[in-house]
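Given the structure is predicted, the values throughout are model-derived calculations rather than measurements. All chains are named by letter (A, B, ...) in the order of the sequence lines, taking the proteins before the strands, and each is independently numbered beginning at 1.
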Number of protein chains: 2
Amino acid sequence: MSAGRTARERVRAELTREITDIARRQLAVDGAAGLSLRAVAREMGMVSSAIYRYFPSRDDLLTALIIDGYNALGEAVENAEAACAPGDHTGRWLAVCHAVRDWALAHPHEYALLYGSPVPGYKAPMDTVAAAIRDTVVYGRIVSDAHRAGVLNPPDLCPPVPASFGRDAERVRGLMPGVPDEVVARALTAWTGLFGWVGFELFGQFNNTILDPAPAFEHAMRCHAALLGLPA
Amino acid sequence: MSAGRTARERVRAELTREITDIARRQLAVDGAAGLSLRAVAREMGMVSSAIYRYFPSRDDLLTALIIDGYNALGEAVENAEAACAPGDHTGRWLAVCHAVRDWALAHPHEYALLYGSPVPGYKAPMDTVAAAIRDTVVYGRIVSDAHRAGVLNPPDLCPPVPASFGRDAERVRGLMPGVPDEVVARALTAWTGLFGWVGFELFGQFNNTILDPAPAFEHAMRCHAALLGLPA
DNA sequence: TTATCGTCAAGAGCGGTGCTCTCGTTCTCT
DNA sequence: AGAGAACGAGAGCACCGCTCTTGACGATAA
């Protein structure tokens with residue numbers, strides 16, 4: 001961000017960027033487990049120990065990549081949603097769904113890093129949280145907007161939410177203000193359904209049964225929208 | 001399975017079992033990436049190279065663990081479903097959901113191995129498929145039974161399934177015979193919704209917002225059942 | 001201008017990994 | 001009884017993350 005006052009600071013920022021770029025490329029090829037500081041250094045024409053001047057450990061480099069990934073996904077979601085008519089809540093939801101799926105398909109290893117199995121022994125630092133919820137913030141705004149506009153009519157299908165859900169719903173409401181518990185519960189269902197589908201598709205869980213996933217995905221997301229109460 | 005005719009075959013089967021047992025214990029502690037052939041050998045009082053007499057590579061050992069995991073999960077699901085009244089299709093679905101979630105919470109690293117990010121460079125051999133779909137077979141039978149019993153009434157909420165979905169639906173119908181395309185589509189939505197929720201919960205995606213996930217999970221799975229058309 | 005102090009790349013080295021090869025031994029089958 | 005397969009042990013290769021030391025360079029203060 002900062003322009004870098006001294007020459008030393010500028011070259012340091014430049015090298016840091018180069019490291020993360022190469023690391024991201026390695027990540028895309030070999031996955032998280034294949035990320036090697038030595039290989040990054042080799043590709044930069046450096047000695048491996050020099051990398052540690054910029055990232056104190058492999059996990060710190062991984063953290064940087066994770067934050068970058070969350071931000072890239074969040075930005076893709078934000079852009080997709082911003083291109084929709086504000087009143088078209090269903091369209092905004094579908095845009096978010098497609099943005100998530102498209103980004104995941106374009107960056108499978110990075111998506112796996114964000115939403116797949118956590119890297120063993122890796123504890124996500126607090127810095128990641130802000131970036132991690134960018135997509136969720138967009139989603140919460142859509143639900144909240146639809147509710148406020150009065151177009152959210154959840155069909156009378158689900159059982160009443162358990163009373164014990166109230167405290168959790170209150171926390172989720174931080175992202176979708178004003179929404180009643182019933183809608184919060186269904187919003188969670190739809191959100192996990194989106195990432196569940198993408199995970200299945202990306203991680204090969206469909207096992208060659210779904211060969212044309214795009215239309216099936218679209219349909220599934222429209223089902224979730226309907227259950228949530230968004231207009232068709 | 002085979003009793004092992006010669007002494008050598010018996011000790012070989014015994015040692016193979018001991019290797020997978022120790023490996024599974026390491027997996028539970030450190031995750032897939034922490035699984036080390038050398039550590040297994042050390043714990044067995046063997047030399048690392050001896051392990052290769054039993055598993056030609058680390059990936060083969062991992063495959064054995066994956067198959068075991070699929071079978072353990074599949075068995076848990078089968079047992080849970082078998083304990084239900086055959087006519088209680090909704091109860092059978094909920095039993096499957098809880099069995100999956102409970103098993104996942106009890107064996108997080110193994111679940112991550114099955115449904116998390118695929119291990120980079122690891123290509124699941126064909127042997128895994130039979131074990132991998134045990135839970136799905138149970139699920140398909142529930143949907144098929146409910147449809148055949150005439151109790152499946154999908155609410156008129158979702159858009160019509162796209163025509164292009166027909167070929168994929170036909171393949172899925174191998175697991176749920178006789179079920180129309182509309183139901184197949186919703187069955188996929190519910191199934192991915194189940195694993196999406198479990199993944200979110202297990203991999204920390206809820207980020208300390210859902211502190212009491214059990215009732216919320218139950219509610220979400222009932223919503224999926226309703227969208228699928230199962231009776232309340 | 002000079003001296004100092006912090007930053008840097010380089011190199012050696014530690015303990016770990018998966019995996020391969022060779023070597024004697026031991027068991028099994030003919 | 002002998003051939004041959006299976007076995008455990010050991011050395012070794014190339015790689016990994018990470019640490020420590022060394023010597024050079026550049027920014028800054030006297």
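- Read 5' to 3', the first and last nucleotides of DNA chain C with an atom closer than 4.0 Å to a heavy atom of chain B are dT17(C) to dC29(C).
- When rounded to the nearest whole Å, the span between CZ of R38(B) and P of dC16(D) equals 16 Å.
- Shown here are the ring-ring contact (aromatic ring centres under 6.0 Å, His included) partners of F55(B), two or more places apart in sequence or in another chain: there are none.
- dA6(D) atom C1' lies 11 Å from atom CD of E9(B), rounded to whole Å.
- Going from atom CG of L61(A) over to atom C1' of dC16(D) covers 14 Å, rounded to whole Å.
- Here salt bridge (charged side-chain N to carboxylate O under 4.0 Å, His left out) pairs that include residues 35-44 of chain A, with residues two or more places apart or in two chains, are R25(A)-E43(A).
- Every residue meeting the side-chain contact (heavy atoms from CB on, under 4.5 Å) condition with E18(B), not counting sequence neighbours, appears here in chain and number order: L15(B), I22(B), M44(B).
- Sorted by first and then second residue, the salt bridge (charged side-chain N to carboxylate O under 4.0 Å, His left out) pairs involving residues 44-53 of chain B (not counting sequence neighbours) form an empty list.
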| Do L194(A) and W93(A) pass the side-chain contact (heavy atoms from CB on, under 4.5 Å) test, and can you show the C-alpha distance, the side-chain angles, and the key distance before you say yes or no? | CA-CA 10 Å; L194(A) 160 60; W93(A) 155 251; 4.3 Å; yes
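- Residues of residues 40-56 of chain A that place a heavy atom closer than 4.0 Å to DNA chain D, in numerical order, are R42(A), S48(A), S49(A), Y52(A).
- The CD atom of Q26(A) sits 14 Å away from the P atom of dC15(D) (whole-angstrom rounding).
- Listed by chain and number, the residues in a side-chain contact (heavy atoms from CB on, under 4.5 Å) with D68(B) are R24(B) (sequence neighbours excluded).
- Applying the salt bridge (charged side-chain N to carboxylate O under 4.0 Å, His left out) test to D102(B) and every residue at least two apart in sequence or in another chain returns nothing.
- For the salt bridge (charged side-chain N to carboxylate O under 4.0 Å, His left out) condition, the pairs that include at least one residue of residues 134-145 of chain A, sequence neighbours left out, are E78(A)-R134(A), E81(A)-R141(A), R92(A)-D145(A), D145(A)-R148(A).
- Listed by chain and residue number, nothing satisfies the side-chain hydrogen bond (donor to acceptor under 3.5 Å, both in side chains) test with Y111(A) (two or more places apart in sequence, or in another chain).
- For residues 192-212 of chain A, the pairs satisfying salt bridge (charged side-chain N to carboxylate O under 4.0 Å, His left out) are R101(A)-E201(A), with sequence neighbours left out.
- Where the helix from dT1(C)-dA30(D) to dT30(C)-dA1(D) starts and where it ends, the local axes point in directions that differ by 0°; five pairs per end, rounded to 10°.
- Regarding R10(A), its CZ atom lies at a distance of 14 Å from the C1' atom of dG26(D), rounded to whole Å.
- Just one residue in the list F206(A), Y115(A), F217(A) forms a ring pair (Phe, Tyr, Trp, His ring centres under 6.0 Å) with F200(A), and that residue is F206(A).
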